[in-house]
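So the structure is just underneath, and the comments pick up after that.
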Amino acid sequence: MSYQIAVLAGDGIGPEVMAEARKVLTEVERRFDLNIEYSEYDVGGIAIDNHGSPLPGATLKGCEAADAILFGSVGGPKWEHLPPNEQPERGALLPLRGHFDLFCNLRPAKLHTGLEHMSPLRSDISSRGFDVLCVRELTGGIYFGKPKGRQGEGENEEAFDTMRYSRREIERIARIAFTAAQGRNKKVTSVDKANVLACSVLWREVVELVAKDFPDVELEHIYIDNATMQLLRRPNEFDVMLCSNLFGDIISDEIAMLTGSMGLLSSASLNSSGFGMYEPAGGSAPDIAGKGIANPVAQILSAALLLRHSLKLDEAADAIERAVSKALANGYLTGELLDESERGNAKTTAQMGDYIAQAVREGA
Ligand code: NAD
Ligand code: IPM
Ligand code: MN
């Protein structure tokens, strides 16, 4: 079988961590005798610089022709002066999600063996571990609702966003959350703000209806503010967290950091036919870009999700995940995961990629 992957490395640490994911994929191809072809395209700030648009036509066409998209990250201070719609995030990332109807965003976060003391959680809490899957609705809600914009002048100028959800949009993401829970710990926590938002009231209603089709899965509802707190207090009691677009954005950064670093959280963004875009949940990290110190694990695990969800290569995906676990369990870590006193032992982005690629080669 041969496969086509569109590679969109983007800005900041994107190209640095993408290079490591490619190293690991090369080993996977060798070991599992796969034929993967990669086509690289500019996206985001680099595409603005090179082609005058954050999402050039050739990039979109390349993505359409591919079996899946491996995405790095976009954005950075260099492009923040541009009108919002022309910036990398609103001009490329969100349109890509919309264009391919990637409504289902999966962000799996667990406390890796060996990283318990890297979590900012109190040790009696982190010692219980946790394994949370954030299921985030990705193409609706306040990110995409119309009208959106600004009007008026002077003191009367105002800005507005619209939060909007249809029954259909809520139902399809809820079904995914419940189905995922059936294969895990059989619990869905639906995150909302039903004490304030009309969208959340409908969200609860629809989630309750969907739950009837999954009698083996426990359902609880929680307000977003309480959810952020309970995650710090008892993360081990959560399994699948079902979130709207904005709440999932917030929850996913929190669960990433509870594992020790933003650089560990991978993500899959899928449509109903299994086509997907795979990217770290974190961003272009301008504060560390260009230094060779970014953690490539989120990008490497995103490549594993690509193999699993779009190419249906479970064994190859398992091999990458085991290789990453091996690196972390052996204390092979980038600097942001270490105490200042231990930073001398920090591995570079490239050393992490080499180690994980070698672990794949050696049969992890
Ligand atoms: P960020 O996720 O880029 O960085 C937040 C913090 O996490 C920083 O301290 C950064 O150094 C750290 N971090 C992130 N990834 C890391 C990694 N792999 N290894 C080590 N540390 C890591 O968020 P931000 O600073 O709010 O945003 C920076 C830019 O990225 C903005 O332009 C934002 O819009 C964009 N962004 C893009 C994406 C995407 O392309 N998918 C996602 C989030 C943010
Ligand atoms: C993410 C990012 C994006 C989002 C931004 C860059 C538009 O924060 O993927 O989590 O808010 O979805
Ligand atoms: Mn985010």
Side-chain angles (χ1 to χ4, degrees), residues 8-21 43-48 54-55 69-82 84-98 102-107 109 118 120 134 136-144 161 243-269 277-302 324 328 333-338 343 346-350 352-353:
L8 280 56
D11 308 317
I13 61 168
E16 300 171 36
V17 294
M18 186 65 82
E20 305 314 312
V43 73
I46 180 85
I48 296 175
L55 185 59
I69 306 167
L70 189 59
F71 192 95
S73 53
V74 294
K78 188 174 175 193
W79 305 282
E80 275 166 14
H81 67 281
L82 292 169
N85 282 335
E86 295 169 28
Q87 288 181 20
E89 300 85 343
R90 295 234 331 243
L93 181 58
L94 299 186
L96 275 169
R97 290 174 181 171
L102 306 174
F103 70 95
C104 166
N105 185 221
L106 305 176
R107 297 187 163 183
M118 309 302 174
C134 174
R136 173 187 178 194
E137 200 289 328
L138 201 63
T139 49
I142 198 163
Y143 274 57
F144 286 85
D161 296 277
C243 302
S244 60
N245 207 338
L246 181 61
F247 296 161
D249 184 43
I250 296 165
I251 291 291
S252 58
D253 267 36
E254 185 177 4
I255 57 178
M257 197 55 217
L258 294 185
T259 69
S261 166
M262 198 62 227
L264 295 172
L265 188 60
S266 57
S267 94
S269 307
M277 181 159 95
Y278 300 82
E279 55 170 318
S284 57
D287 52 337
I288 56 166
K291 298 183 179 165
I293 58 172
N295 192 337
V297 163
Q299 188 76 61
I300 292 169
L301 289 177
S302 297
V324 166
L328 301 178
L333 305 171
T334 38
E336 92 286 1
L337 278 165
L338 295 166
R343 290 259 161 87
K347 304 300 179 228
T348 64
T349 308
M352 286 298 293

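Both backbone and side-chain heavy atoms feed into the values below; hydrogens, waters and symmetry mates do not. Both ligands and their constituent atoms are indexed starting at 1 by order of listing.
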Heavy-atom protein contact below 4.0 Å for atom 35 (C) of ligand 1
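At least one protein heavy atom is under 4.0 Å away.
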
Do any non-hydrogen protein atoms sit less than 4.0 Å from atom 24 (P) of ligand 1?
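Under 4.0 Å from atom 24 (P) of ligand 1, zero protein heavy atoms found.
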
For [atom], grab the closest protein heavy atom and report residue, atom and distance to one decimal in Å.
{"atom": "atom 21 (N) of ligand 1", "result": "Ile288 CD1, 3.6 Å"}
{"atom": "atom 2 (C) of ligand 2", "result": "Asp249 OD1, 4.0 Å"}
{"atom": "atom 17 (C) of ligand 1", "result": "Gly263 CA, 3.5 Å"}
{"atom": "atom 19 (N) of ligand 1", "result": "Asn295 N, 2.9 Å"}
{"atom": "atom 5 (C) of ligand 2", "result": "Leu93 CD2, 4.2 Å"}
{"atom": "atom 5 (C) of ligand 1", "result": "Met262 CG, 4.8 Å"}
{"atom": "atom 11 (O) of ligand 2", "result": "Tyr143 OH, 2.5 Å"}

Ignoring hydrogens and geometry, is there a side-chain-to-backbone donor-acceptor pair from [X] to [Y] under 3.5 Å?
{"X": "Asn85", "Y": "Arg90", "result": "no"}
{"X": "Glu16", "Y": "Gly290", "result": "yes"}
{"X": "Asn245", "Y": "Leu138", "result": "yes"}
{"X": "Ser267", "Y": "Glu279", "result": "yes"}
{"X": "Thr349", "Y": "Val17", "result": "no"}
{"X": "Gln299", "Y": "Phe71", "result": "yes"}

Could you name the option among [options] that has the heavy atom nearest to [atom]?
{"atom": "atom 40 (O) of ligand 1", "options": "Leu8, Val74, Asp249, Asp253", "value": "Val74"}
{"atom": "atom 28 (C) of ligand 1", "options": "Gly75, Gly283, Pro286", "value": "Pro286"}
{"atom": "atom 11 (O) of ligand 1", "options": "Asp287, Asp11, Leu96", "value": "Asp287"}
{"atom": "atom 42 (C) of ligand 1", "options": "Gly282, Ser73, Gly72, Ala285", "value": "Gly282"}

Mind running side-chain contact (heavy atoms from CB on, under 4.5 Å) on Leu96 and Leu55 for me, showing each step along the way?
CA-CA 8 Å; Leu96 275 169; Leu55 185 59; 3.9 Å; yes

Enumerated ligand 1 atoms positioned under 4.0 Å from heavy atoms of [X]:
{"X": "Glu89", "value": "31 (C), 32 (O), 33 (C), 34 (O), 35 (C)"}
{"X": "Glu279", "value": "39 (C), 41 (N)"}
{"X": "Leu93", "value": "39 (C), 40 (O), 41 (N)"}

Would Ser252 count as being in polar contact with ligand 2, using the rule that some N or O on each side must be under 3.5 angstrom apart?
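The answer is no, given that Ser252 and ligand 2 share no N or O pair closer than 3.5 Å.
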
Under 3.5 Å: N/O of Arg97 near N/O of ligand 2:
yes

Starting from the Mn ion (ligand 3), look over the N/O/S atoms of Asp249 and name the nearest one.
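Among the N, O or S atoms of Asp249, the one closest to the Mn ion (ligand 3) is OD1.
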
With the side chain counted from C-beta on, respond yes when [X] and [Y] share a heavy-atom pair under 4.5 Å apart, and no when they do not.
{"X": "Asp11", "Y": "Pro88", "answer": "yes"}
{"X": "Cys243", "Y": "Cys134", "answer": "yes"}
{"X": "Thr259", "Y": "Leu265", "answer": "no"}

Report the distance from atom CG of Leu258 to atom CG of Leu264, rounding to the nearest 0.5 Å.
11.5 Å

Please confirm whether [X] comes within less than 3.5 Å of ligand 1 when only nitrogen or oxygen atoms on both sides are compared.
{"X": "Ser284", "answer": "yes"}
{"X": "Gly76", "answer": "yes"}
{"X": "Ser261", "answer": "no"}

Within the 4.0 Å heavy-atom cut-off, what Gln87 brings close to ligand 2 is neither

Please report the closest heavy-atom contact between Trp79 and Ile48, naming both atoms and the distance.
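Result for this residue pair: CD1-CD1, 4.0 Å.
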
With heavy-atom distances below 4.0 Å as the criterion, list the atoms of ligand 2 near Glu89.
6 (C)

For ligand 2, which atoms, with element, lie under 4.0 Å from some heavy atom of Arg136?
1 (C), 4 (C), 9 (O), 10 (O), 11 (O), 12 (O)

Ile13 and ligand 1 - part of the residue with a heavy-atom distance under 4.0 Å:
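The side chain, only.
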
Leu338 vs Met118, side-chain contact (heavy atoms from CB on, under 4.5 Å): CA-CA, chis, key distance, verdict:
CA-CA 7 Å; Leu338 295 166; Met118 309 302 174; 4.3 Å; yes

Determine whether Met277 and Leu93 satisfy the following criterion, side-chain contact (heavy atoms from CB on, under 4.5 Å), listing intermediate values before the conclusion.
CA-CA 10 Å; Met277 181 159 95; Leu93 181 58; 3.7 Å; yes

Intermediate values then yes/no, side-chain contact (heavy atoms from CB on, under 4.5 Å), Glu20 and Ile300
CA-CA 7 Å; Glu20 305 314 312; Ile300 292 169; 4.2 Å; yes

Residue pair Glu336, Ser261: steps toward the side chain to side chain donor-acceptor pair (under 3.5 Å) verdict:
CA-CA 7 Å; Glu336 92 286 1; Ser261 166; 2.6 Å; yes

Any heavy atom of Ala281 sitting closer than 4.0 Å to ligand 2?
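Judged by the 4.0 Å heavy-atom criterion, Ala281 does count as contacting ligand 2.
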
Does Arg107 come within less than 4.0 Å of ligand 2, judged by its heavy atoms?
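Contact present.
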
